[in-house]
Amino acid sequence: MNARHSSSTPEPADDGGVERTRTPGAEHGEAGPPQPANRRGSGRSLRAQLLIALMSVLLGIGIVAQVRQTQDDEFAALRQDDLVRLMDEVTERNEQLTEERTQLRRDLAALSSGSGDRQVAEDYARLQAILAGTVPVEGSGIVVTVEAGENSVDAQRMVHMVEEMRNAGAEAIAVSGQRLTASSAFVDTVDGVEVDGQLVSSPQEWRVIGSPETLAVALDIPGGALASMRTAGATVELVERDLVQITAVRDVSDPEYATPTDPEE
């Protein structure tokens with residue numbers, strides 16, 4: 001009985017004397033046994049994934065810490081001048097709030113004691129006296145001097161002047177010693193313009209109390225009251241002043257036809 005050997009048979013060496021081992025079935029195209037997986041490559045891939053995950057965690061922790069530090073030190077990036085300005089604004093606002101609180105406490109005490117009504121009545125009476133022109137007044141404003149030529153300043157131009165002053169917020173107006181109020185009238189006569197029955201000669205001096213900048217811009221706009229007088233031949237000069245005094249006052253007569261009504265009726 002002949003024995004068959006299943007072991008690999010060494011082939012003669014073709015080059016360099018190296019023997020090659022022939023696997024059974026290889027010459028017939030049969031696949032050999034499965035080779036073991038590359039464990040070294042798998043280990044490297046796992047370590048790389050763990051390293052990436054660790055770096056991601058560290059990066060997230062760093063971002064959170066940076067955000068918290070930025071929130072805690074939000075003023076750290078400001079310059080010294082900006083910080084000083086910000087401090088001044090906060091201090092000024094705090095002083096304003098303190099003053100408002102003090103004033104509110106005074107008002108509350110006045111209302112609680114019953115003296116608030118009297119103060120309100122006094123303030124209202126003072127306001128009405130200023131508007132009626134029955135008391136002298138002073139404050140910031142402008143002084144306008146008009147050197148009139150022949151027929152250069154008539155009643156219509158003076159009314160235009162007063163309207164623009166009132167539209168610009170004038171609180172008190174006088175022209176050449178005549179206090180102007182809501183009932184003032186301008187009339188052309190053969191001798192010139194009369195204001196409330198009094199002749200106003202040249203040069204005219206207008207004294208106006210209000211915001212100097214606003215009044216100056218309103219009167220000196222192209223096509224405005226001063227431009228109209230200059231076009232007619234008058235010489236006009238406007239000066240802004242911190243203090244304008246108006247001493248002229250009006251006598252208010254009792255109304256002949258109008259009577260107050262009861263608000264409850």
Side-chain angles (χ1 to χ4, degrees), residues 120-189 191-253 255-258 260-261 263:
V120 171
E122 291 178 355
D123 293 341
Y124 182 76
R126 182 164 49 252
L127 174 62
Q128 293 302 314
I130 294 174
L131 296 177
T134 58
V135 293
V137 291
E138 64 180 17
S140 60
I142 61 173
V143 175
V144 181
T145 303
V146 180
E147 183 73 33
E150 185 177 358
N151 299 325
S152 61
V153 179
D154 54 10
Q156 182 177 358
R157 287 188 174 89
M158 295 184 71
V159 171
H160 186 196
M161 184 94 152
V162 174
E163 288 177 347
E164 288 193 353
M165 290 177 177
R166 288 174 175 168
N167 291 337
E171 298 177 355
I173 305 173
V175 53
S176 297
Q178 298 295 317
R179 186 72 171 269
L180 303 182
T181 64
S183 60
S184 295
F186 299 82
V187 179
D188 288 323
T189 67
D191 297 324
V193 180
E194 290 185 355
V195 179
D196 296 331
Q198 298 294 324
L199 182 65
V200 177
S201 59
S202 180
Q204 301 173 358
E205 184 187 61
W206 295 75
R207 290 179 169 264
V208 189
I209 293 179
S211 170
E213 297 82 3
T214 304
L215 290 167
V217 171
L219 292 177
D220 214 12
I221 60 175
L226 299 187
S228 175
M229 291 184 177
R230 291 190 181 107
T231 301
T235 302
V236 182
E237 180 184 4
L238 186 150
V239 179
E240 299 180 18
R241 292 186 180 178
D242 295 332
L243 178 62
V244 176
Q245 295 179 326
I246 298 179
T247 58
V249 295
R250 289 282 302 272
D251 293 329
V252 179
S253 57
E256 183 178 354
Y257 303 101
T261 60

Over all atoms of both residues, closest heavy-atom pair of A248 and G177: CB-O, 3.3 Å
Spacing of CG belonging to D154 relative to NE2 belonging to H160, to within rounding of 0.5 Å: 12.0 Å
Test log, rule side-chain contact (heavy atoms from CB on, under 4.5 Å), inputs R250 and S183: CA-CA 11 Å; R250 289 282 302 272; S183 60; 3.7 Å; yes
R207 side chain to V244 backbone, donor-acceptor under 3.5 Å: no
Distance-minimising heavy-atom pair for I246 and I173: CD1-N, 4.1 Å
Carboxylate-amine/guanidinium contact R179 D196, below 4.0 Å: no
Nearest heavy-atom neighbours spanning A234 and A148: CB-CA, 4.2 Å
Residue E240 excluded, over 12 heavy atoms near CD under 6.0 Å: yes
Audit row: R157, D188, salt bridge (Lys or Arg N to Asp or Glu O under 4.0 Å) steps and yes/no: CA-CA 11 Å; R157 287 188 174 89; D188 288 323; over 6 Å; no
Check: D242 main-chain N/O paired with S140 side-chain donor or acceptor under 3.5 Å: no
T231 side-chain N/O to A227 backbone N/O, donor-acceptor pair under 3.5 Å: yes
Shortest non-hydrogen contact from A172 toward V137: CB-CG2, 3.7 Å
Full working for side-chain contact (heavy atoms from CB on, under 4.5 Å) between V153 and M158: CA-CA 7 Å; V153 179; M158 295 184 71; 3.7 Å; yes
Full working for side-chain contact (heavy atoms from CB on, under 4.5 Å) between E237 and V144: CA-CA 6 Å; E237 180 184 4; V144 181; over 6 Å; no
R166 with E164: basic N within carboxylate O range, under 4.0 Å: no
D220 side chain vs A216 backbone, donor-acceptor pair below 3.5 Å: no
Minimum-distance pair of heavy atoms, taken over all atoms of P203 and T145: CB-CG2, 4.3 Å
E138 vs L243, side-chain contact (heavy atoms from CB on, under 4.5 Å): CA-CA, chis, key distance, verdict: CA-CA 7 Å; E138 64 180 17; L243 178 62; 4.0 Å; yes
L219 and its side chain to side chain contact (heavy atoms under 4.5 Å, CB included) partner, picked from T214, V208, L226: L226
S184 side-chain N/O to T181 backbone N/O, donor-acceptor pair under 3.5 Å: yes
